[in-house]
Every structure is written in C-alpha cells, then in structure tokens.
Amino acid sequence: MDARGLDAEHIARSALEVLRGIGLSNVRAAVGETPIAAEVIASGIGNRREPAEGGEMGIGTASGPIDSLFPIPDSRQSLGPLPVSVLDPDPALATLLDGIGVETCGELATLEGESVEIRLGAEGVRLWKLARGEDDRLIFSPMPRELPHASLEWSDYTLTDTERLLFSVNALLGTVCEKLMERGSLSREMTLDLTLANGATLTNAVRSGRATASRKTWLRLVRTLLERMVLPAGVVGLTLRAATVVTDIGQQGDLFDRGFATAAATEAALASLAEEQGDVVVVPENTAHPLVERRTKWVERPGTGDGRGTAGRRERGDGRRVKSAVNPSPVARRPSPVALAPSSDSSTLTLYLLPTPRAIEARTEERRDHVLPTGYRDGGAWYGILSAAGPDRVSGERWGEAYAREYFRCIVDDGGMVWLYHDARADGWYLHGWWD
Amino acid sequence: MPSLSSSLVAVSPMPALSIAALRELIEQRFPDATPANWRAAEPVATGVEPLDRVLPGGGLPRGQLTVWTPQGGACSMLRAACRSAVATGERAVWIDTAGTIVGAFWENGPYLVQPKSRQDALKGAEELLRCGGFALVVLDGTEPEGTEMVRLTRAVREGGGAFVAITPNPSLAKLRMESKIIPHSYRWTRGPFDDPVEVREATIRVRARAAGWNAHADITVPVTPHDVRLSLEPGLADRRGLPR
C-alpha cells in the first residue's frame with residue numbers, strides 16, 4: 001500500500017480492521033520507509049509491536065509523525081541484524097555469501113558496492129541494495145492510459161453516403177488527433193467501428209505506413225477505406241480509436257542533413273497535394289501497346305503522403321542515405337520490347353507527346369515506294385523539313401478502333417526534331433510529338 | 001558569444017517540435033554556428049559537365065528562380081539535373097502540367113506531378129517549393145505570370161531549393177537559360193539506300209545569362225531510341241503493313 005503523504009499508521013490500522021471484518025486472521029501490517037523494510041517487518045521477522053486484534057502491526061522504518069509513537073531506526077539498522085535469508089537470495093548466491101562470511105543484512109550493507117558488483121554480480125548488487133534499504137520497486141504499477149478514441153451515434157436516420165460518413169469521421173478524427181498531439185503521441189493504426197442499422201458492427205483497421213497524428217493523412221486513409229467498402233446496411237454510429245500508439249520521440253539523424261531534416265515536411269507537402277488534387281504524384285505503368293500514347297497508365301506513386309515515399313534519399317526518417325540514383329524501372333505488366341530507358345548518367349533527347357495528335361498540313365515528295373514530308377504547316381506557320389526518317393508503320397485493332405499510321409522523325413529547319421504521322425485510313429497528317 | 005555547452009544547458013525543456021522548427025531555433029540561438037551549407041548551399045549540379053562548367057557556382061542556384069526558355073534541349077538538361085539531384089541523395093520533382101511526359105521514358109527517381117489544371121500546377125509548385133524538401137523543382141507546361149511569379153519566387157526563397165520554370169517569361173529570374181538544337185548537328189545512322197534511319201546524337205547550344213554575365217556551352221547528347229517499328233531489323237525502316 002502506497003501511503004506516501006498520508007497518515008500511514010492510521011491507514012495500516014484501518015486496513016487491519018477491514019481485513020478482520022472480512023474474516024481474515026493472522027494478518028500483519030508494517031509501515032516502512034521502503035517496500036523491503038515493510039515487507040521484512042510484516043513477515044514477522046523484524047521489529048514488532050504488540051499484536052493488534054485480529055492481526056499485528058510492526059514497524060520497519062518510518063518518519064514524520066510516527067516518530068513519536070515508535071522507535072525509528074534507519075533502514076540499514078532496521079535490517080542490519082536480520083539474516084541475509086530474509087532477502088530471499090538465490091541459493092547459489094546464498095552459498096557464496098555464506099562462504100565469504102556474510103550472515104546478516106548489516107554485514108552485506110557495509111560492503112563496497114563496486115566489490116559487490118565484481119564478486120557477486122548483478123543479483124548480488126540487487127541484494128546489497130535491499131540490505132541497505134534501497135528499494136525502488138513500485139508498489140503499484142502505473143495505470144495504462146486510455147488510448148484516444150471518439151464516437152458518435154444517431155438514431156433518427158442512417159447514413160450510407162461516403163461523403164456524409166467522412167464528414168462525421170472527420171469530426172471524430174479531429175478529437176482523436178488532438179488527443180494524440182496533447183499526449184505527444186503518434187498513431188500507426190486506427191480502428192473504425194461502424195454500427196449498422198441491422199445491429200451489426202463492422203470493424204475496420206486503417207494503417208499508416210508511418211506513425212502520424214496528422215488529421216489530413218488519416219482522413220485520406222479513411223476515405224480510401226470507405227470508398228472501397230460496400231455497406232450491407234445504413235450506418236447509425238461510428239467509433240474511432242487509435243489502436244497502435246507510439247511516442248513521438250522523433251528520429252535519430254543529422255539535423256542538418258537536408259534529406260533527413262526535410263522528410264516530414266516533404267511528406268506533409270505531398271500528402272497535402274494528394275488531399276487537394278487527388279492522385280497527381282504518379283509513376284507510369286507501361287505495357288507493350290504499339291501506340292505510344294496508349295502504352296502508359298499513370299498510377300499514384302506508392303506511399304505518397306503517408307510516409308512511404310521511395311525517391312531521393314530513402315528518407316523516411318531512418319536517417320540512412322540511399323546512394324542509388326534511380327529506383328527500379330517502372331512497373332511493367334509486360335516487358336516492353338520497344339521502349340528503351342535513357343541512360344541515367346547523361347542527358348538525352350527524349351520523346352514528348354502532345355496529349356492529342358494535332359492535325360497539320362504537309363508537303364510531301366515521292367521517295368521510291370513511299371512519300372516523305374518535306375514541310376508542314378502548324379498554327380499558321382510553315383516549317384521546312386531538313387531530313388526525315390521513316391516511315392515506321394503501325395497498324396492494328398481489328399476489333400476496336402482501327403489505326404494505321406506511318407510515322408516520320410523529321411528535323412525541322414529551326415533545329416527541332418518532331419514526330420509526324422500520316423493516318424493512312426483518314427489520309428491526314430498529324431503532329432504527334434517532339435524530342436526535347 | 002556564450003560557449004556552446006553553457007548555452008545548451010540553459011535551454012529550458014520544450015514541447016515536441018518539428019525538426020525544421022528545432023533547426024530554426026538552433027540557428028537563431030547560434031547564428032555563428034549555422035552550417036555553411038544551409039541556405040547558402042552549393043547549387044544543384046545538372047550532372048552535365050559542360051553545362052555545370054558554365055553555370056555560376058557549378059549548377060542551378062538554390063533559393064532562386066531560374067527561367068529556361070522552352071526551346072530544344074531544355075527538358076533533356078533539366079531531366080539530367082533531376083537525376084543528378086536524386087543521385088546525390090536529395091529529391092527532385094517535375095511538374096508536368098501539359099501531360100507531355102512519355103511513360104516509357106520516365107525514370108522513377110524524381111517525383112512526377114501531373115496536375116489537372118494550371119491553377120493546380122501553380123498551387124502545387126508553391127507548396128512543394130515552400131516545404132524545402134526538394135533540391136530541384138521543375139515547372140513545365142505552365143507559364144506563371146505577374147503575381148504568380150512573385151508568389152513562387154517567395155516560396156523558393158523560403159524553401160531553399162532550386163526552381164526552374166520552363167517559360168518564355170523571364171521576369172524575376174535570377175538566371176535565364178536558353179537552349180537550341182543546332183539544326184545541322186544531327187548524326188544519323190543510314191540505311192542501305194543512304195536514307196537516314198536512326199538519329200544517334202545532336203548538339204545543343206545552351207546559353208546562360210544573369211545580371212552582367214553570360215556564358216554558353218555546346219553539348220552533344222544522344223537521342224533516346226524510341227522505336228515503334230515492327231521490323232525485326234532495328235537498322236531498317238519498316239515498309240510492311242499498309243497498302244498504298
């Protein structure tokens with residue numbers, strides 16, 4: 001019983017009365033300055049006072065007002081005459097102590113701490129501290145703090161619309177994230193319970209790649225969850241709780257290392273971008289479609305905004321620098337036989353495409369079995385073509401929208417290189433791209 | 001100036017701060033101890049040696065606006081700069097408003113942002129510049145004007161990265177870049193009929209200008225093979241497929 005700051009004697013007496021009241025006998029109570037002193041005295045080995053009715057009360061060490069009532073030896077004196085066995089030593093250690101002639105707590109307490117550590121080890125040091133009345137054991141373990149949570153219920157209506165649900169979740173997130181920040185904590189996982197009108201409860205875990213207390217990040221993750229969810233009934237209640245909470249102790253690293261120091265700010269900026277504009281931070285997924293403009297599907301860059309980004313310094317707070325310049329090639333469903341990535345250690349002229357091929361007017365000349373463009377008009381201006389390579393013929397889509405194109409790479413008189421094609425089906429010329 | 005140890009001892013316990021805030025605090029308390037590489041860091045090297053040789057300081061200036069006139073070769077140089085920034089452990093982002101990047105030729109080192117509108121591009125650029133996490137931000141396909149340019153200039157000064165806008169509008173630019181592919185510099189692989197079949201390389205003339213200073217460099221770069229042909233022989237033009 002932790003009676004620090006209280007009337008210990010009164011509490012001890014009251015405790016004995018309570019225990020007697022519930023029929024317990026042979027109960028001992030002791031008031032000690034440290035747990036070990038009280039424990040030894042209460043065990044009946046140490047100093048005793050006359051037994052109280054239904055129990056007895058002893059005193060180990062005490063201070064303050066109790067001084068006037070009981071003799072108050074200090075801890076060392078209190079345990080001094082007692083045999084070492086009251087400290088319940090390990091049998092091997094007990095033998096060792098016996099071998100070196102240490103029989104009482106007092107004798108053990110008078111030894112030098114350093115020599116005890118060398119000769120008797122860690123267990124010996126623990127015993128030595130107890131013999132000196134040094135006991136830092138907690139009588140009560142600290143109560144675990146309740147994890148931040150918030151809930152909302154309604155009965156007049158049910159919700160199935162994602163946006164309206166998000167509106168409510170946003171309010172709950174505000175409370176939970178605020179509590180997290182007050183505690184100096186971050187959450188790696190949250191649990192969202194949806195109480196349905198049919199009485200069922202759907203429990204969903206939402207995880208973030210990096211522990212965070214950012215309301216925006218969690219809202220985005222919850223939005224992704226809700227958008228994918230099919231609700232069997234309307235929702236009449238929400239409970240949101242932080243499931244995995246870690247202390248915001250920060251990350252170890254070089255404060256003046258730009259990559260490390262700016263990781264959090266970068267994540268926040270990217271998350272904000274994703275929140276406001278959607279999936280705009282993208283990577284390509286390439287296929288081997290013959291038409292370049294249909295070859296790529298742009299998908300959200302993995303980890304954007306939730307701390308799992310991969311570029312640059314593989315930065316996310318581990319402080320380690322990744323020296324590789326370029327991440328592995330974009331995800332390809334099928335290896336593309338025609339696309340060759342440019343070298344990463346030098347600049348190269350690379351093809352850029354107009355979002356939609358632009359119709360142009362072209363001048364041509366015959367060359368053996370085909371025609372070559374010698375000039376074209378785009379936006380009212382004529383461009384002369386110094387040389388042209390081609391045609392590179394592409395056709396396909398028997399079942400869909402068929403295409404048949406003859407591509408030419410043309411050097412224009414202003415120095416640029418453009419990509420023109422002749423649509424053989426519609427008999428028209430188009431500007432499709434350029435090298436830059 | 002007080003000694004470091006005594007001043008550190010005097011700092012009272014603080015609530016959890018962001019690293020950026022902590023760094024600011026240290027800079028304020030120990031202005032003389034601010035590392036030389038902070039906000040006065042070396043420019044962002046483009047990784048193209050002939051270009052870095054002519055650029056002031058050896059690269060694109062940090063905390064400043066650089067304008068690159070959109071002519072031939074700008075993107076190749078800037079993409080090399082992005083790769084170079086990533087190679088040195090920093091981040092780079094390319095804002096592609098017009099959606100002209102070809103996925104098959106994009107490498108995943110730098111970030112690629114494809115905003116849906118001009119306004120989104122400008123807002124995104126400002127946010128990314130201001131966060132300070134990117135050594136290089138390239139804005140392509142959007143031409144900021146007037147107050148937009150002022151806002152972006154302010155943001156890049158706060159963030160401390162290098163910012164290059166590919167635009168013909170040079171206002172507020174610390175460094176102005178122009179590039180042009182020299183028309184007769186292309187080198188071709190020729191076919192059996194002496195027709196040009198494949199471009200091997202071309203030379204780009206890059207001109208850099210700042211107040212009271214200018215320089216230029218001629219840089220020969222390879223051309224990315226982009227083959228869309230169905231021919232099995234890469235050196236031969238494909239004559240199959242279409243009836244004439």
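First the proteins, then the strands, lettered A, B, ... as listed; each starts at 1. Fair warning: this is a prediction, and the values are worked out from it, not measured in the lab.
- Contact of B:V48 with chain A is made through the side chain alone, with heavy-atom distances under 4.5 Å.
- When heavy atoms are compared at a cutoff of 4.5 Å, A:M417 approaches chain B by way of both its backbone and its side chain.
- Using a 4.0 Å cut-off between charged nitrogen and carboxylate oxygen, A:D279 and A:R301 do not count as a salt-bridge pair.
- Of the listed residues (A:D414, A:L291, A:L386), the one with the most heavy-atom contacts under 4.5 Å to chain B is A:D414.
- Salt-bridge annotation for B:E90 and B:R62: present, with a side-chain N of the basic residue lying under 4.0 Å from a carboxylate O of the acidic one.
- A donor atom on one side chain and an acceptor atom on the other are not found under 3.5 Å apart for A:Y403 and A:R405.
- Residue contact with chain A, scored on non-hydrogen atoms closer than 4.5 Å, is absent for B:I95.
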For B:T203 and B:D218, what are the C-alpha separation, side-chain angles and deciding distance, and is it a side chain to side chain donor-acceptor pair (under 3.5 Å)?
CA-CA 6 Å; B:T203 301; B:D218 288 349; over 6 Å; no
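- If you tally non-hydrogen atom pairs under 4.5 Å between each of B:G99, B:S117, B:G124, B:G72 and chain A, the highest count goes to B:G124.
- For chain A, the option among B:C131, B:P222, B:P70, B:P196 with the highest count of heavy-atom pairs below 4.5 Å is B:P222.
- Partners of B:W68 by side-chain hydrogen bond (donor to acceptor under 3.5 Å, both in side chains), not counting sequence neighbours, listed by chain and number: B:S179.
- Residue pairs meeting the salt bridge (charged side-chain N to carboxylate O under 4.0 Å, His left out) criterion with at least one partner in residues 120-136 of chain B, sequence neighbours excluded, are B:E126-B:R130, B:E126-B:R151, B:R130-B:E158.
- For a residue to count as touching a neighbouring chain, one of its non-hydrogen atoms must lie under 4.5 Å from one of that chain's; by this rule B:Q71 touches chain A with the backbone only.
- For A:E276, the part lying under 4.5 angstrom from a heavy atom of chain B is the side chain only.
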